[in-house]
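Report on the following structure.
Note that ligands are numbered from 1 as they come in the structure, with each ligand's atoms numbered from 1 the same way.
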Amino acid sequence: MITVFIVSAPSGSGKSTLVSEIRKIVPGLDFSVSYTTRPPRGSEHGGREYYFVSRPEFEAMVRNGDFLEYADVFGNYYGTAQRVLKNAEGNGHDLLLDIDVQGAELVKQKLPEAVRIFILPPGLQTLEWRLRNRGLDREDVIQRRLATATREIENYCKYDYILVNDRLEESVENLKAILLTERKRHSGAVGLENETELVGRAQRCRLANVQQRVQPILDSFRQGRRQENETKTGPEREAGKARR
Ligand code: ADP
Ligand code: 5GP
């Protein structure tokens, strides 16, 4: 049986960065390329980040029952094709879906065994810094993304694992641990290198074990606070790196 992983995160948390790193080091993992009606951004290519289609094309696919799930996100349609699941099953690969909270709920209804992972930024201040530093969005879009993030993160408790993306290398290791231990649990395979360490890492990211870590992050968003209880931190450290 293959394992389906659902990854959701507020925009700017570092989901694309993490997914791209993990695809380099975890073999046998298919990444679902979604369909969307939003126009391409920056250096995005059709068929790589998304399949970019018109609204009538998307609606025709909905009528054909081509989607495992689809949702309206920020006024555009986004959907996961049924065929990606069939292909992954055919190849015996696990499947990673990068979808929003609504999509995650729909997939969970259809595939109750799917493993849900929510990526959180270390706090509001760091998220703001990352969105600005990424240099993709205008100021009004950044402000909208921050407001949306404040709503989205309240859904973290619907997920099985919470990954706080503070230091990138650490987050990649944690994500790898979740993927490999869940893959082993679902497939029943024996023998996992460094199993004790991987299981420990994955366990520390379980929803039940992250409350203390997550509370100050939630507080920073709820209070719209620019001064966070982060370690001396996120934005300062990242600003230092960006200057070098
Ligand atoms: P998302 O896909 O969630 O919208 P991105 O992967 O585009 O986010 O990341 C947003 C910005 O933050 C990018 O400029 C990326 O290089 C940077 N970033 C991602 N993860 C980290 C991290 N752990 N530490 C510092 N910067 C990060
Ligand atoms: P972006 O336009 O920034 O790439 O993505 C916006 C949001 O749409 C993100 O939260 C992303 O996870 C979500 N998304 C991308 N593809 C899909 C999909 O196929 N289904 C759903 N439900 N959401 C998606």
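- Near Ser11, the atoms of ligand 1 lying under 4.0 angstrom from a non-hydrogen atom of the residue are 4 (O).
- Evaluated by nearest non-hydrogen atom to atom 21 (C) of ligand 1, the leading choice among Arg130, Glu170, Arg132, Glu169 is Arg130.
- Tested against Glu182, the residues Arg116, Lys176, Arg206 include a single salt bridge (Lys or Arg N to Asp or Glu O under 4.0 Å) partner, Arg206.
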Legend entry - Step-by-step side-chain contact (heavy atoms from CB on, under 4.5 Å) determination, Ile117 to Asp160: CA-CA 6 Å; Ile117 304 164; Asp160 304 302; over 6 Å; no
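- For CD of Gln212, the number of neighbouring non-hydrogen atoms (other residues, nucleotides, ligands) closer than 6.0 Å is 12 at most.
- Contact annotation: Asn165 has at least one heavy atom less than 4.0 Å from an atom of ligand 1.
- Using cut-offs of 30° and 60° on the angle between ring planes, the pair Phe58 and Tyr70 is perpendicular.
- Counting atoms of ligand 2 from 1 in the listed order, those under 4.0 Å from a heavy atom of Gly103 are 22 (N).
- The shortest N or O to N or O distance between Tyr35 and ligand 2 is not below 3.5 Å.
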Legend entry - Derivation of the side chain to side chain donor-acceptor pair (under 3.5 Å) call for Arg145 and Ser11: CA-CA 7 Å; Arg145 289 195 189 282; Ser11 178; 3.1 Å; yes
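- Backbone and side-chain nitrogen or oxygen atoms of Glu69 are examined, and one is located within less than 3.5 angstrom of a nitrogen or oxygen of ligand 2.
- Considering backbone and side-chain N/O atoms, Glu152 never comes within less than 3.5 Å of an N/O atom of ligand 2.
- Comparing heavy-atom distances from atom 6 (O) of ligand 1 across Val164, Thr17, Ile119 singles out Thr17 as nearest.
- Against a heavy-atom cut-off of under 4.0 Å, Lys15 is close to the following atoms of ligand 2: 9 (C), 10 (O), 11 (C), 12 (O).
- Here the heavy atom of the protein found nearest to atom 6 (C) of ligand 2 is Tyr78 OH, 3.6 Å.
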Inset, instruction - Carefully, step by step, assess Val33 and Arg48 under the rule side-chain contact (heavy atoms from CB on, under 4.5 Å). - result: CA-CA 7 Å; Val33 177; Arg48 191 175 65 191; over 6 Å; no
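- Here the shortest heavy-atom distance to atom 13 (C) of ligand 2, taken over Asp100, Val101, Asn76, Val84, belongs to Asp100.
- Donor-acceptor pairing under 3.5 Å is recorded for the side chains of Ser8 and Tyr159.
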List the atom pairs, with distances to 0.1 Å, where a side-chain N or O of residues 100-109 and a protein N or O form a donor-acceptor pair under 3.5 Å, not counting sequence neighbours.
{"from": "Asp100", "atom 1": "OD1", "to": "Gln102", "atom 2": "N", "distance (Å)": "3.4"}
{"from": "Asp100", "atom 1": "OD1", "to": "Gly103", "atom 2": "N", "distance (Å)": "2.9"}
{"from": "Asp100", "atom 1": "OD2", "to": "Gln102", "atom 2": "NE2", "distance (Å)": "2.8"}
{"from": "Gln102", "atom 1": "NE2", "to": "Asp72", "atom 2": "O", "distance (Å)": "3.1"}
{"from": "Glu105", "atom 1": "OE2", "to": "Lys158", "atom 2": "NZ", "distance (Å)": "2.9"}
{"from": "Lys108", "atom 1": "NZ", "to": "Pro112", "atom 2": "O", "distance (Å)": "2.5"}
{"from": "Lys108", "atom 1": "NZ", "to": "Ala114", "atom 2": "O", "distance (Å)": "2.7"}

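- Residue-level proximity to ligand 2 for Val73 is carried by the side chain, the only part with a heavy atom below 4.0 angstrom.
- Contact annotation: for Tyr50 versus ligand 2, heavy atoms closer than 4.0 Å belong to the side chain alone.
- In this structure, Ser171 has no heavy atom closer than 4.0 Å to ligand 1.
- Any N or O atom pair closer than 3.5 Å counts here, and Ser11 shares no such pair with ligand 2.
- At a 4.0 Å heavy-atom cut-off, ligand 2 touches Arg38 through the side chain alone.
- In this structure, Asp166 has a heavy atom closer than 4.0 Å to ligand 1.
- Proximity to Arg41 (heavy-atom distance under 4.0 Å) selects the following atoms of ligand 2: 1 (P), 2 (O), 3 (O), 4 (O).
- Using modelled atom types, one finds no donor on one side chain facing an acceptor on the other under 3.5 Å when comparing Arg204 with Asn209.
- A ring-centre distance under 6.0 Å is not found for Tyr35 and Tyr77.
- Comparing Ser13, Pro10, Ser16, Gly12 by heavy-atom distance to atom 10 (C) of ligand 1, the nearest is Gly12.
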Legend entry - Candidate pair Arg167 and Glu173, rule salt bridge (charged side-chain N to carboxylate O under 4.0 Å, His left out), full reasoning: CA-CA 10 Å; Arg167 293 175 188 275; Glu173 286 304 312; over 6 Å; no
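- Which of Arg167, Glu21, Arg134 comes nearest to atom 7 (O) of ligand 1 through a heavy atom is settled by distance: it is Arg134.
- The nearest protein atom to atom 19 (O) of ligand 2, hydrogens excluded, is given as Ser34 OG, 2.6 Å; this is a heavy-atom distance.
- Listed by first and then second residue, the ring-ring contact (aromatic ring centres under 6.0 Å, His included) pairs that reach into residues 192-218 come to none, sequence neighbours excluded.
- Contact atoms of ligand 2 toward Ala71: 22 (N) (distance under 4.0 Å to a heavy atom of the residue).
- Residue-to-ligand polar distances place Gly79 within reach of ligand 2: an N/O pair is separated by less than 3.5 Å.
- The hydrophobic clustering, which links ILVMFWY residues whose side-chain heavy atoms are closer than 4.5 Å, places Leu136 and Leu146 apart.
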